[in-house]
Amino acid sequence: EDYRLDRMLIVTYTRAAAAEMRQRLNQRIAKEAQSDPEHMTQALDDLEAAEISTIHAFCQKIIRNDFQAVGVDPLTRICDEQQQQTLFEQAFCDAMNQLLDEKDNADFQAFADSFDQQEIRDMTGRLYTFLMSLPEPFAWLDAHIGSLNQQPYEHHPWYLTLVNHSALQLEGLQALLLTQRRMFEEPDAVPALRETWQADQELYERLMSLDAGSPEVMREALGTTSFKKAAVCRGLTEEQKEWKKRYTKLRDQMKALVKDTAESLTIDPQRLNMELGMMQQHLRGLAELVKRTQQHFAASKLQQNVVDFNDLEQMTLSILRQEAYRAKLQQDYDHIFVDECQDVSAVQDAILQSIHGEQSCLFMVGDVKQSIYRFRLAEPGLFLGKLSRFSADEDARERRIVLNRNFRSKTAVLDAVNRVFEHVMDSRVTEIDYDDDAKLYPGMPSKGDPVTEVHVLSSREETQQDM
């Protein structure tokens, strides 16, 4: 379509992947040049200047070109992990000592009195690392601390999360009821308890009809829920007594599940207000410590003429927030390609969206089921948001194209994977439903495949007899 490679930005996750992509493009273009030398020769020349890199390498280039926009030396180097750790530790100690001397800082003093120094250091490090993955780190922090003591508590996000979790827990009753129902097929079953089972099944159905979006209704309903007294069984054989004992044990688990769920939703408003108020004060103290640590950390890196990977992202976004620089970069690219976009962080996504102008095309490829870098602050929720928001319409401005044909695995393997994932993937737990779009379909169906084996490893220490 007459688009040139040197006007494309291609971002992938690792340097090795970027190098492999450049090599494959070179091989493919060289092959195509045999039948179309005019266009492909130009493409080979453009490939040398094409921007195929990791997000950090791209950020480094932007900062080097527009260093004056963020006030850094163009020869600034990236510090190694050991130097970064040393500078951060010193920044933390300086910030800690500075705040300890501020006796009138009630929030920080209350926070410091409640935890030992190692706990404070760990919290500071974890919170700082998380915040640096956000496009507006400290604005986000202040907003969330400010909303912590939201009233009434029934509308608070943490309580609504608890209610949704409780509704999910109650679904565990179904598995227990199913186990009981199967027990009636055993030769020593006690038929008189079928009536009890039916009453429990109806109770379960009533609980499942509760609206999880109405905390008050769910809490009151659970608080008044009671199981029907079990049917009286006389004249049982020893085998039937053992059967009944197993059946009763399952029923006791059901009762405990309902009781525990009801108790988890029962809140003492006075105690809650006190605890949230204390938590909010401690968080304000922690927030002040993280901000001071960041200030000292930034000053030390500036003095030593180094930056870290977080700085590359934050500085690049700072440059892109300036209209003149953003407009220039948007004009440099006709197409932006992002590979493994399920592992993009919030700040990285903000960078890519800023470069994507009205005249350019942004093409992102990813599979949220392969997202494994959340511990590195990847935010797969961004991918899922686009997946639900984009349209399958070919003419849509934001189009979703599902690639679910698998050419690498045999049909039997894909069937086994689909059967397992259908049961274990639920958006309320895993953030994704394994629907028809998520399933894998054979690109070249195979026949006569061997039976697929599934090996289940238990995380508990069990004897061979237990297994």
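In this text the structure is predicted, and so the values were computed from the model without any measurement.
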TODO: Heavy atoms only: give me the nearest Leu382-Ala346 pair and the separation to one decimal.
DONE: CD1-CA, 3.7 Å
- [ ] State whether Arg374 and Glu379 are salt-bridged, where the test is any N-O pair (Lys NZ or Arg NE/NH1/NH2 against Asp/Glu carboxylate O) under 4.0 Å.
- [x] yes
Open item on the list: Could you tell me if Gln331 and Gln359 have a donor-acceptor pair between their side chains, going purely by distance under 3.5 Å?
Closed with: no
Task: Enclosure of Glu394 CD (heavy-atom neighbours >12, cutoff 6.0 Å) - done: no
Task: Other residues, nucleotides, ligands: >12 heavy atoms within 6.0 Å of Arg15 CZ - done: no
Open item on the list: For Glu288, is there an ion pair with Arg284 - N to carboxylate O distance below 4.0 angstrom?
Closed with: no
Open item on the list: Is there a salt bridge (charged side-chain N to carboxylate O under 4.0 Å, His left out) between Glu119 and Arg126? Walk through the geometry before answering.
Closed with: CA-CA 11 Å; Glu119 290 174 324; Arg126 289 198 302 270; over 6 Å; no
Task: Contact check, side chains of Glu51 and Met8, non-hydrogen atoms, under 4.5 Å - done: no
TODO: Could you pull out the closest heavy-atom pair between Thr261 and Ser264, with the gap in Å?
DONE: O-OG, 2.7 Å
Task: Heavy-atom side-chain contact between Cys59 and Ile351 under 4.5 Å - done: yes
Task: Minimum heavy-atom distance Gln280-Ile145, with the two atoms named - done: NE2-O, 2.8 Å
Task: Flag side-chain contact, heavy atom, 4.5 Å: Ile63 against Ile319 - done: yes
- [ ] To the nearest 0.5 angstrom, please state how far the CD1 atom of Ile78 sits from the CD atom of Gln84.
- [x] 10.5 Å
- [ ] For Gln322, look at atom CD and say whether over 12 heavy atoms of other residues, nucleotides or ligands are found less than 6.0 Å away.
- [x] yes
TODO: Supply the atom-to-atom distance Leu384 CG to Ile432 CD1, rounded to the nearest 0.5 angstrom.
DONE: 6.0 Å
Open item on the list: Please determine whether the number of non-hydrogen atoms from other residues, nucleotides or ligands lying under 6.0 Å from atom CD of Gln82 exceeds 12.
Closed with: no
TODO: May I ask you to check whether over 12 heavy atoms, not counting those of Arg389, lie within 6.0 Å of atom CZ?
DONE: yes
Open item on the list: Contact between Asp94 and Gln90 at the side-chain level, heavy atoms closer than 4.5 Å - yes or no?
Closed with: yes
TODO: Could you check whether the rings of His335 and Phe337 sit parallel, tilted or perpendicular, using 30° and 60° as the cut-offs?
DONE: parallel
Open item on the list: Distance alone, cut at 3.5 Å: any donor-acceptor contact between the side chains of Gln109 and Asp113?
Closed with: no
Open item on the list: I'd like to know if Arg419 pairs up with Glu422 as an ion pair, taking the criterion as any Lys NZ or Arg NE/NH1/NH2 lying under 4.0 Å from an Asp or Glu carboxylate oxygen.
Closed with: no
- [ ] Test Glu102 against Arg292 for salt bridge (charged side-chain N to carboxylate O under 4.0 Å, His left out), laying out the working first.
- [x] CA-CA 13 Å; Glu102 298 178 8; Arg292 296 282 185 97; 2.9 Å; yes
Open item on the list: Would you call the rings of Tyr373 and Phe375 parallel, tilted or perpendicular, taking 30° and 60° as the class edges?
Closed with: tilted
TODO: Decide whether Tyr434 and Asn418 meet the rule of one side-chain donor and one side-chain acceptor closer than 3.5 Å.
DONE: yes
- [ ] Report the residues that fulfil side chain to side chain donor-acceptor pair (under 3.5 Å) with Thr411, sequence neighbours left out, ordered by chain and then residue number.
- [x] Ser446
Task: From CG (Leu160) to NE2 (His165), nearest 0.5 Å - done: 14.5 Å
Task: Side-chain donor-acceptor pair present, Asp46, Gln42, cut-off under 3.5 Å - done: yes
TODO: Please list all pairs passing the ring pair (Phe, Tyr, Trp, His ring centres under 6.0 Å) test where one or both residues lie in residues 91-123, with sequence neighbours left out.
DONE: Phe111-Phe115, Phe115-His282
TODO: May I ask you to say whether Lys328 pairs ionically with Glu323, meaning some side-chain N is under 4.0 Å from a carboxylate O?
DONE: no
Task: Non-hydrogen side-chain atoms of Lys301 and Val307 separated by less than 4.5 Å - done: no
TODO: Only pairs at least two apart or in different chains count here, so list each ring pair (Phe, Tyr, Trp, His ring centres under 6.0 Å) that has a residue in residues 50-80.
DONE: His56-Phe309
Task: Six-ring centre of Tyr441, Lys439 cation under 6.0 angstrom, axis tolerance 45° - done: no
Task: Heavy-atom check, side chain of Leu5 versus side chain of Leu44, under 4.5 Å - done: no
Open item on the list: If we count only N and O atoms by modelled type, under 3.5 Å, do the side chains of Asp334 and Ser360 hold a donor and an acceptor together?
Closed with: no
Open item on the list: Nearest 0.5 Å, please: how far is CG in Leu302 from OG1 in Thr76?
Closed with: 7.5 Å
Task: Polar side-chain atom of Arg400 near backbone of Phe390 as donor-acceptor pair, under 3.5 Å - done: yes
TODO: For Glu89 and Gln85, test the side chains for any donor-to-acceptor distance below 3.5 angstrom and give the result as yes or no.
DONE: yes
Task: Separation of Asp426 CG from Glu431 CD (nearest 0.5 Å) - done: 11.5 Å
Open item on the list: Minimum heavy-atom separation for Ile29 and Met40, please, with both atom names.
Closed with: CG2-O, 3.5 Å
Task: Salt bridge flag under 4.0 Å for residues Arg219 and Glu263 - done: no
Task: pair Phe130-Val290: side-chain heavy atoms closer than 4.5 Å - done: no
Task: Sidechain N-carboxylate O distance under 4.0 Å for Lys291, Asp142 - done: yes
- [ ] Please answer whether the main-chain N or O of Ala412 pairs with a side-chain N or O of Thr452 as donor and acceptor at a distance below 3.5 Å.
- [x] yes
Task: Interatomic spacing from CG in Asn105 to CG in Leu289 - rounded to 0.5 Å - done: 10.5 Å
- [ ] Considering non-hydrogen atoms only, spot the tightest contact between Val344 and Asp349 and give its length.
- [x] CG1-N, 3.4 Å
- [ ] Indicate whether any N or O donor in one side chain lies under 3.5 Å from an N or O acceptor in the other, for Gln314 and Asn310.
- [x] no
- [ ] Please say whether more than 12 non-hydrogen atoms of neighbouring residues, nucleotides or ligands are located less than 6.0 Å from CZ in Phe363.
- [x] no
- [ ] Report, as yes or no, whether the 6.0 Å neighbourhood of atom CZ on Arg28 holds more than 12 heavy atoms from other residues, nucleotides or ligands.
- [x] no
Task: Minimum side-chain heavy-atom gap Ile62-Met315 below 4.5 Å - done: no
Task: Closest approach of Ser354 to Leu317 (non-hydrogen atoms, all atoms of both residues) - done: OG-CD1, 4.1 Å
Task: Test item: side-chain donor near acceptor, Gln370 and Gln342, under 3.5 Å - done: no
TODO: Tell me, yes or no, whether the heavy-atom count around Lys259 atom NZ, taken from other residues, nucleotides or ligands under 6.0 Å, exceeds 12.
DONE: no
